[in-house]
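As structure tokens, the structure follows; a few thoughts come after it.
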Amino acid sequence: MKMVVCGYCAAASWRRCVVMSLRLLFLLPAGLPVRSQGESQSDNKQMDNITVRQGETLFLSCSQGDFVTHTAWLNRSSILYAGEDKWSVDPRVSLVTLNQDEFTIKIEDVDLTDEGQYICAVQTSSRPRTTSVHIIVQVPPKILNLSKDLVVNEGSNVMLMCLANGKPEPAIGWRMLSPSDDSLASDSEILEIPFISRYRAGVYECTAANEIAVDTQTVELTVNYPPSVSDGRDVGVTLGQRGVLECEADAVPEADFEWYRDDRRIFNGFDGIEIEDAGAFSKLTFFNVSEADYGNYTCIAINKLGSANTSIILYLQDGNSGTSTVFTPTCLLFIILLQLLLKF
């Protein structure tokens, strides 16, 4: 066979040479009588389409019959096997069975490029016969292009993109995964969120699905917004006791805290006062409350988008009766003068 093909190919391309050589070897073998017009020179059979998934192993088989002289498997005019001779250079293609009853080849790790028509050509002592089958390769979906994690400011317009391929073509959808919100979803490649608020921050999931499989990937969306401070809770403490003022702020990015007494900023360690910041909280601690400590304090929370504040009063609490007295600076001065007068 190879000698015939090589001799014939002097003036033709390789592919054309292969096809024409097959016609010489299979359709017009030596000694085969030429039929008169109107008679069929070959039996052609079309098998049902075969669907295979990408990565699977495909077996192609056709029946032989008695007195077979030549056989071949072809794919898109390229010879895969001619009898026991392998013509394909693809290592995934191999011969499984070749006898008088069956001619089977195997294609491992099937890819999309393997899709198309395959022909089994058989030459018997009486006539040629071909069996053709169309292979359909299905490909699971794969997300190829996904928006990166985003950090935006509140009020911005946001667009998330998700592109995927697969065969059949996958359906693409978006949803808010964490926190879960079914009202924010899309059945297209693009998810648009106009004038985004802080409540839309979270993890978003893109899903690409076809009848083969599902592929999912996530995008984290961070929304920056200025601080908002919870109303301060006034604290009553008896003289000489430990007192703690607390301030809580909601902000992204996290706020920095500043504490003030009147217009004077308080620093950590100032007059034995300790300031401790931890995430969204700040604490101002007095370890031994004195009369001078009573009064109004201001907590300010600051980030790059703005600031907010709240006021907290540290007041004298009567340890015996449990009643409390709020001291303003004027009231404190009056009490001190009264105590001095009582000494005389």
Side-chain angles (χ1 to χ4, degrees), residues 53-56 109-112 137-233 246-259 275-283 299-310:
R53 295 184 181 183
Q54 186 182 44
E56 293 183 341
D109 193 19
V110 171
D111 202 356
L112 193 59
V137 179
Q138 293 182 326
V139 181
K142 182 175 179 59
I143 296 174
L144 302 175
N145 192 346
L146 184 73
S147 295
K148 304 296 183 183
D149 293 345
L150 290 177
V151 179
V152 299
N153 292 338
E154 192 170 38
S156 301
N157 295 324
V158 175
M159 183 176 69
L160 301 179
M161 180 179 66
C162 180
L163 302 178
N165 67 4
K167 191 170 180 292
E169 184 176 351
I172 297 178
W174 281 99
R175 70 186 181 106
M176 190 173 182
L177 183 64
S178 176
S180 179
D181 187 349
D182 295 335
S183 66
L184 191 61
S186 171
D187 293 329
S188 66
E189 298 172 342
I190 304 296
L191 173 64
E192 294 185 90
I193 312 173
F195 306 107
I196 191 166
S197 72
R198 65 192 68 183
Y199 308 107
R200 296 300 191 186
V203 178
Y204 289 78
E205 181 184 67
C206 171
T207 302
N210 62 13
E211 60 190 68
I212 309 303
V214 177
D215 188 22
T216 60
Q217 292 191 32
T218 59
V219 175
E220 185 171 1
L221 182 57
T222 302
V223 179
N224 291 333
Y225 53 90
S228 59
V229 180
S230 301
D231 292 337
R233 185 173 61 87
E246 296 183 343
C247 182
E248 180 181 2
D250 179 25
V252 176
E254 286 185 346
D256 295 321
F257 292 92
E258 295 179 0
W259 286 90
I275 299 175
E276 181 182 359
D277 297 337
F281 294 89
S282 181
K283 293 194 302 183
C299 169
I300 302 178
I302 306 169
N303 71 5
K304 63 183 181 179
L305 297 179
S307 64
N309 65 80
T310 187

Listed pairs under 3.5 Å, donor-acceptor, residues 247-258 side chains, sequence neighbours left out:
from, atom 1, to, atom 2, distance (Å)
D250, OD1, Y225, OH, 2.7
D250, OD2, Y225, OH, 3.4
E258, OE1, Y260, OH, 2.8

statement: Value for OG (S156) from CD1 (I193), rounded to nearest 0.5 Å, stands at 11.0 Å
- line: Residues at least two apart in sequence or cross-chain that pass side-chain hydrogen bond (donor to acceptor under 3.5 Å, both in side chains) with D111, listed by chain then number, are Q54
query: Taking only residues two or more places apart in sequence, or in another chain, which ones meet M161 in a side-chain contact (heavy atoms from CB on, under 4.5 Å)?
result: N145, S147, L163, I190
- prompt: Would L144 and N165 count as a side chain to side chain contact (heavy atoms under 4.5 Å, CB included) if you check the C-alpha gap in whole Å, the side-chain angles of each, and the deciding distance to 0.1 Å?
  reply: CA-CA 7 Å; L144 302 175; N165 67 4; 3.4 Å; yes
- prompt: What are the two closest non-hydrogen atoms of I300 and S307, and how far apart are they?
  reply: CG2-CB, 4.4 Å
query: What pairs with S186 under side-chain hydrogen bond (donor to acceptor under 3.5 Å, both in side chains), at least two apart in sequence or on another chain?
result: S188
- request: Kindly write out the residues that satisfy salt bridge (Lys or Arg N to Asp or Glu O under 4.0 Å) with E205, not counting sequence neighbours, or none if the list is empty.
  value: R175
field: Point-to-point distance, once rounded to the nearest 0.5 Å, from CD1 of I143 to SG of C206
entry: 4.0 Å
Test item: V152 and L221 side chains (from C-beta on) under 4.5 Å apart, heavy atoms: yes
- request: Check side-chain contact (heavy atoms from CB on, under 4.5 Å) between A185 and all other residues, then give those that pass, not counting sequence neighbours.
  value: none
- line: Nearest heavy-atom approach of I212 to P168 is CG1-CD, 4.4 Å
field: Distance in Å, T218 OG1 paired with L177 CG, rounded so as to fall on 0.5 Å steps
entry: 7.5 Å
message: Can you confirm whether the side chains of D277 and S282 place a donor and an acceptor under 3.5 Å from each other?
response: yes
- prompt: Where is the tightest heavy-atom contact between C162 and I172, given as atom of each residue plus distance?
  reply: O-CD1, 3.7 Å
- request: Report yes if the side chains of L184 and Y199 come closer than 4.5 Å at any heavy-atom pair, otherwise no.
  value: no
message: Enumerate the salt bridge (Lys or Arg N to Asp or Glu O under 4.0 Å) contacts for residues 216-228, please, sequence neighbours excluded, ordered by first and then second residue.
response: none
query: Which pairs, with at least one residue in residues 145-155 and sequence neighbours excluded, count as a salt bridge (Lys or Arg N to Asp or Glu O under 4.0 Å)?
result: E154-R198
field: Non-neighbouring partners of D109 that pass side-chain hydrogen bond (donor to acceptor under 3.5 Å, both in side chains), sequence neighbours left out
entry: none
Contacts of type salt bridge (Lys or Arg N to Asp or Glu O under 4.0 Å), residue R53, not counting sequence neighbours: none
task: Return the set of residues passing side-chain hydrogen bond (donor to acceptor under 3.5 Å, both in side chains) with Q138 (not counting sequence neighbours), or none when no residue passes.
output: E211
- prompt: So, for A208 and A164, which heavy atoms are closest and what is the spacing to 0.1 Å?
  reply: CB-CB, 3.7 Å
field: Side-chain heavy atoms of E169 within contact of N210, under 4.5 Å
entry: no
field: Shortest non-hydrogen contact between I196 and N153, atoms and distance
entry: CG2-O, 4.0 Å
statement: Here the salt bridge (Lys or Arg N to Asp or Glu O under 4.0 Å) pairs for residues 299-308, sequence neighbours left out, are none
field: Between CH2 on residue W174 and CG on residue L160, distance to nearest 0.5 Å
entry: 4.5 Å
message: Counting only heavy atoms from other residues, nucleotides and ligands, does the tally under 6.0 Å from CG of N157 exceed 12?
response: yes
